[in-house]
Number of protein chains: 2
Amino acid sequence: MVLKAQELFWEKGYNATSLSDLSTATGAGAGSLYNTFKGGKKELFKKSLQQRKEDLEDFKIKLENSDTPIELIKAFFISVATASKKSHLKGCIVANTIVEMTFIDEELENEAIEILKETEKLYTTAILAEQKKGNIKSKIPAHTLGKHLITLWCGINTLRRIYPDKEILKQQIELQLQILK
Amino acid sequence: MVLKAQELFWEKGYNATSLSDLSTATGAGAGSLYNTFKGGKKELFKKSLQQRKEDLEDFKIKLENSDTPIELIKAFFISVATASKKSHLKGCIVANTIVEMTFIDEELENEAIEILKETEKLYTTAILAEQKKGNIKSKIPAHTLGKHLITLWCGINTLRRIYPDKEILKQQIELQLQILK
DNA sequence: TTATTTTTGTAATGTTTGATACAAAAATAG
DNA sequence: CTATTTTTGTATCAAACATTACAAAAATAA
């Protein structure tokens with residue numbers, strides 16, 4: 001149920017997704033939706049965001065068990081480029097939420113910001129470790145490089161909609177990943 | 001009137017800005033708003049976007065009359081970092097619109113995309129000229145560097161909300177502008 | 001089985017939405 | 001100054017909105 005809702009929220013954002021949209025998409029009536037998610041629409045959206053948090057946890061474990069975490073991160077970014085056109089247009093639900101919810105709903109905005117900050121921490125930790133091992137020669141502080149990846153992520157999130165094109169996106173991503181060496 | 005409306009749209013986006021919000025902000029009653037802007041709320045939003053187009057035209061002229069256009073572009077990006085906190089949270093109305101309007105209103109989305117593509121063209125033209133003059137040594141194609149600046153712009157647009165902090169933003173922007181040399 | 005609780009779908013809640021109708025007022029024209 | 005047009009604000013519209021009330025149905029417990 002959350003999954004179907006997430007898909008809709010992801011596409012259309014919070015405000016433009018109506019409860020009847022959600023009802024149609026999930027197949028559940030309004031009554032069920034409100035019985036299952038006590039907080040209504042907002043709670044359902046939170047759950048949709050939360051799920052991204054779980055994906056992040058998975059990625060964290062993969063990173064920690066990898067001998068080449070930087071390659072993992074790079075591969076992840078490049079995999080974005082080769083996604084479907086619809087994926088490009090949907091972008092990242094977390095980044096989208098930050099843009100939509102500023103001045104609208106502080107709680108949802110902060111929820112989304114927190115997820116990207118956790119992602120940044122993941123990147124920074126991995127980069128710092130690889131710098132110490134000498135696998136990354138760059139003297140740029142790990143926290144700056146971590147933020148750079150977040151900036152790239154957010155930038156690509158919008159660029160994907162302007163140019164939902166594998167080649168263009170791949171080119172831009174690779175250009176910006178060169179700094180990680 | 002458009003200016004006050006633009007300010008609201010810029011902050012809250014299209015969907016979250018109601019007509020009564022606009023009426024209050026502009027001081028004009030609903031009747032006046034609909035008499036002045038035949039297309040209603042959507043037309044008013046278009047006018048708000050259009051104004052960014054005019055700013056772009058101004059910047060184009062400045063670029064064409066400058067001996068150091070690249071410095072102008074760099075200064076523009078860095079000036080973003082030192083803006084007010086509210087400016088950071090508002091971000092760029094054009095980039096915001098692209099994120100909000102995908103799957104919602106194709107016309108408004110395309111209007112916004114077109115503006116960023118024109119901006120890109122401006123950058124690319126300036127970069128190409130400076131490459132020919134030898135002022136930029138990089139062999140990376142001008143159109144790739146132009147898109148890189150758009151990616152940076154969109155990335156910073158979201159990063160500003162996560163970190164509305166001059167130092168952090170300046171650091172990120174300068175890091176990414178290094179490629180223009 | 002029967003009794004009790006939980007879940008479901010429908011209908012209705014009151015509110016807010018974008019948009020209009022229209023008369024008063026202001027501006028313009030003659 | 002009068003006649004005509006344009007602009008304004010108010011009151012109102014139907015539609016859409018998020019939410020809830022509630023009875024039927026399903027699931028669970030005894």
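Below, chain A is the first sequence line, B the second, and so on; all start at residue 1. These numbers were taken from a predicted model, which means no experiment stands behind them.
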If you check every side-chain atom of [X], which of [options] has the closest atom?
{"X": "A30(B)", "options": "dT19(D), dT17(C), dT20(C)", "answer": "dT20(C)"}
{"X": "N35(A)", "options": "dT20(D), dT20(C), dT8(C)", "answer": "dT8(C)"}
{"X": "K41(A)", "options": "dA18(D), dG18(C), dT7(D)", "answer": "dA18(D)"}
{"X": "L19(B)", "options": "dT8(D), dT8(C), dA19(C)", "answer": "dA19(C)"}
{"X": "S18(B)", "options": "dG18(C), dT8(C), dA19(C)", "answer": "dG18(C)"}
{"X": "T36(B)", "options": "dT8(D), dT17(C), dT19(D)", "answer": "dT8(D)"}

Task: dG9(C) OP1/OP2 closer than 4.0 Å to side-chain N/O of S32(A) - done: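 So the side-chain polar atoms of S32(A) do come within 4.0 Å of the phosphate oxygens OP1 or OP2 of dG9(C), strictly under.
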
Task: Sub-6.0 Å ring centroid separation between F103(B) and W10(A) - done: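 Centroid separation for F103(B) and W10(A): 6.0 Å or greater.
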
Open item on the list: Over all strands shown, is A28(B) touching base, sugar-phosphate only, or nothing at heavy-atom distances under 4.0 angstrom?
Closed with: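 The answer is sugar-phosphate, as A28(B) gets under 4.0 Å only of primed atoms, P, OP1 or OP2.
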
Open item on the list: By the 4.0 Å heavy-atom rule, please label S23(B) as base, sugar-phosphate, or nothing.
Closed with: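 Nothing, no heavy atom under 4.0 Å.
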
TODO: Could you check K133(A) against E130(A) for salt bridge (charged side-chain N to carboxylate O under 4.0 Å, His left out), going step by step and ending with a plain yes or no?
DONE: CA-CA 5 Å; K133(A) 282 192 200 163; E130(A) 292 300 289; 3.5 Å; yes

From [atom1] of [X] over to [atom2] of [N], roughly how many Å is that when rounded to an integer?
{"X": "F37(A)", "N": "dT20(D)", "atom1": "CZ", "atom2": "P", "answer": "15 Å"}
{"X": "N15(B)", "N": "dT16(C)", "atom1": "CG", "atom2": "C1'", "answer": "14 Å"}
{"X": "L44(B)", "N": "dA19(C)", "atom1": "CG", "atom2": "P", "answer": "11 Å"}
{"X": "Y14(A)", "N": "dC17(D)", "atom1": "OH", "atom2": "P", "answer": "13 Å"}
{"X": "L33(A)", "N": "dT8(C)", "atom1": "CG", "atom2": "C1'", "answer": "11 Å"}
{"X": "F45(A)", "N": "dC17(D)", "atom1": "CZ", "atom2": "C1'", "answer": "18 Å"}
{"X": "K38(B)", "N": "dT7(D)", "atom1": "NZ", "atom2": "C1'", "answer": "12 Å"}
{"X": "Y34(A)", "N": "dT13(C)", "atom1": "OH", "atom2": "P", "answer": "17 Å"}

Task: Any side-chain donor near an acceptor of the partner, S20(B) and S23(B), under 3.5 Å - done: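 Absent: no donor and acceptor within the cut-off.
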
Task: Lys/Arg N to Asp/Glu carboxylate O, K85(B) vs D165(B), below 4.0 Å - done: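 Salt bridge: no.
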
Open item on the list: Would K147(A) and Y163(B) count as a cation-pi pair here, with the cationic atom under 6.0 angstrom from the ring centre and within 45° of the axis?
Closed with: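 Ring-cation test returns yes.
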
